[in-house]
Participant: 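Structure incoming, see below.
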Amino acid sequence: MEEVVEAFEEGRRVRREWADWEFINSLPPKLRAALKYYMETGDIYVASRIAGLSVDEFNELRIRARVPSVT
């Protein structure tokens, strides 16, 4: 169980570290909140719903924001 928690925390750290914060902070609040949620949880489905986008559209936004997909 401890390994799972460590992997989750590592994923969160990597997503935050590699993100283009200048781009993210320039976005409207809804998209910014969705990207931050994704960085914290890695849950692309819920993040896309927060953003009001399809999963594919949100994934494109994630790529533009340079947030890696860490599993």
Participant: Do M39 and L53 sit in one hydrophobic cluster, given that two such residues count as connected whenever their side-chain heavy atoms are within less than 4.5 Å of each other, even indirectly?
Facilitator: yes

Participant: Would you mind checking if R12 and E9 are paired as a salt bridge, meaning a charged N to carboxylate O distance below 4.0 Å?
Facilitator: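 The answer is no: the pair does not qualify as a salt bridge.
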
Participant: In the single-linkage hydrophobic clustering (I, L, V, M, F, W, Y; side-chain heavy atoms under 4.5 Å), do F8 and Y37 co-cluster?
Facilitator: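 Unlinked, F8 and Y37 end up in two clusters.
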
Participant: Does any part of the side chain of F23, heavy atoms only, come nearer than 4.5 Å to the side chain of R66, both counted from C-beta?
Facilitator: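 No, too far: nothing below the 4.5 Å cut-off.
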
Participant: Tell me, yes or no, whether the heavy-atom count around W18 atom CH2, taken from other residues, nucleotides or ligands under 6.0 Å, exceeds 12.
Facilitator: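 No, not enclosed.
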
Participant: For a quick test of reading the model, state the closest non-hydrogen atom pair linking A34 to A47 and the distance between them.
Facilitator: CB-O, 3.3 Å

Participant: Can you name the closest pair of heavy atoms from L35 and A65 and give their distance?
Facilitator: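 Smallest interatomic distance, heavy atoms only, reads CD1-CB, 3.9 Å.
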
Participant: Does E17 CD have over 12 foreign heavy atoms under 6.0 Å away?
Facilitator: yes

Participant: Could you pull out the closest heavy-atom pair between V55 and Y45, with the gap in Å?
Facilitator: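 Heavy atoms only, the tightest pair is CG2-CD1, 4.1 Å.
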
Participant: Might you point out which heavy atoms bring R15 and P68 nearest each other, and give the distance in Å?
Facilitator: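 For R15 versus P68, the nearest heavy atoms are CG-O, 3.4 Å.
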
Participant: Apply side-chain contact (heavy atoms from CB on, under 4.5 Å) to T41 and V46, showing your working.
Facilitator: CA-CA 9 Å; T41 65; V46 172; over 6 Å; no

Participant: Per the side-chain contact (heavy atoms from CB on, under 4.5 Å) rule, which among D20, I24, N59 passes with V67?
Facilitator: I24

Participant: Side chains of E40 and R16: does their closest heavy-atom pair fall under 4.5 Å?
Facilitator: yes

Participant: Cation-pi check for F58 against R62: NZ or CZ below 6.0 Å from the six-membered ring centre and within 45 degrees of the axis, yes or no?
Facilitator: no

Participant: Are L61 and L31 packed together at the side-chain level, in the sense that at least one heavy-atom pair is separated by less than 4.5 angstrom?
Facilitator: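 They are in contact (side-chain heavy atoms under 4.5 Å apart), so the answer is yes.
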
